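Hydrogens, waters and symmetry mates play no part in the numbers below; they use all other heavy atoms, side chains included. Every value quoted in this text rests on a predicted model; they were computed, and no experiment measured them.
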Amino acid sequence: DQLMLTFDDGGSSALNIAEILSSRGLHGHFFITTSKIDKEHFLSRNDILSIHKLGHMIGSHSHNHPSIFRDLNYKEMLNEWESSKAILEEILGSKVISASVPGGDMNDETIKSASEAGLEFLFTSEPHYKPYKKYNITIIGRVCPKKNTPSQVINLWSQGRGYLKTKVIRFMKELIRRRLKFIYKIYVRYNEGR
């Protein structure tokens, strides 16, 4: 079992995080929303290359970061992955093989489109302790601490414990999403601002 540190979106603080991790002999996975590259408060092309040269993994977080990725049709999903992957590969001069799903929620088409785009690893916010393979792509579940998540909970997660409660919360969120789609969209927009 291995603890992986992942960072989504490509905000400008990612460069500082990458430098801190490197100074401690650690490596992270940084997933970049490519439409935000070189924008205010986001990483520049040079920043992304610097993070890569420090030995960290660079992956896609889609091109436009749709709030609810799974609501896109298949062609839109594929375009998000392919566009983002092409931009990152041009910056890095090497193949991009991993991505994380914007918003963390996915369905079969999310996985299929990522696989068709040539990705090999797909990170989701659905909490799975063990990775699994589907449509020739490895799915890696994550738990996502927020700024108010108690350190004791984060410590349990780092030991592979405490997933049941997180799974129940995700199940309830999914139930709300399916039954009350309008309220779920408000919930997603509210949490994006946190």
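One N or O on the side chain of Ser22 and one on the backbone of Ala18 form a donor-acceptor pair closer than 3.5 Å. Judged by distance alone, with hydrogens and angles left aside, the side-chain atoms of Ser84 form no donor-acceptor pair with the main-chain N or O of Ser60 at under 3.5 Å.
Of the N and O atoms on the side chains of Asn16 and Ser13, not one donor lies less than 3.5 Å from an acceptor on the other residue.
Pairing each heavy atom of Leu21 with each of His56, the nearest pair is CB-CE1, 3.8 Å. Here the closest heavy-atom approach between residue Lys36 and residue Phe42 is recorded as O-CB, 3.2 Å. The heavy-atom pair separating Ser113 from Leu78 by the smallest distance is O-CD1, 3.5 Å. Residues Phe31 and Ser98 come closest through the heavy atom pair CE2-OG, 3.6 Å. Tyr74 and Glu116 get closest at one heavy-atom pair: OH-OE1, 2.6 Å.
With rounding to the nearest 0.5 Å, the separation of CG in Leu54 from CG in Leu15 is 7.5 Å. Taking CZ of Arg70 as the reference point, atom CD1 of Ile111 lies at 10.0 Å (rounded to 0.5 Å). Interatomic distance, Lys130 NZ to Ile140 CD1, rounded to the nearest 0.5 Å: 12.5 Å. Note that NZ of Lys39 is 14.5 Å distant from OG of Ser12, once rounded to the nearest 0.5 Å.
A heavy-atom distance below 4.5 Å is found between the side chains of Lys133 and Thr138. Residues Trp81 and Leu122 have side chains in contact (heavy-atom distance under 4.5 Å, counting atoms from C-beta outward). Using a 4.5 Å heavy-atom cutoff, the side chains of Arg142 and Ser100 are in contact. Annotation: side chain of Phe69 is in contact with side chain of Met77 (closest heavy-atom distance under 4.5 Å). Residues Pro102 and Glu80 form no side-chain contact, since every pair of their non-hydrogen atoms from C-beta on lies 4.5 Å or further apart.
Results of the side-chain contact (heavy atoms from CB on, under 4.5 Å) test with Ile91 over Ile48, Asp47, Val96 single out Ile48 as the only residue that passes. The one candidate from Asp9, Thr33, Asp8 that meets the side-chain hydrogen bond (donor to acceptor under 3.5 Å, both in side chains) condition with His65 is Asp9.
For Asn46, there are no side chain to side chain donor-acceptor pair (under 3.5 Å) partners, not counting sequence neighbours. Shown here are the side chain to side chain donor-acceptor pair (under 3.5 Å) partners of Ser50, two or more places apart in sequence or in another chain: there are none. Evaluation of the salt bridge (charged side-chain N to carboxylate O under 4.0 Å, His left out) rule for Glu19 yields no partner, not counting sequence neighbours. Taking Glu90 as the reference, Arg45 meet the salt bridge (charged side-chain N to carboxylate O under 4.0 Å, His left out) condition, with sequence neighbours excluded. Residues passing the side chain to side chain donor-acceptor pair (under 3.5 Å) test with Glu120, sequence neighbours excluded: none. Residues forming a side chain to side chain donor-acceptor pair (under 3.5 Å) with His63 (at least two apart in sequence, or on another chain): Thr34.
A salt bridge links Lys85 and Glu89; the closest N-O separation between the charged side-chain nitrogens and carboxylate oxygens is under 4.0 Å.
Residues Ile37 and Ile17 fall within the same hydrophobic cluster, defined by Ile, Leu, Val, Met, Phe, Trp and Tyr side chains chained together at heavy-atom separations under 4.5 Å.
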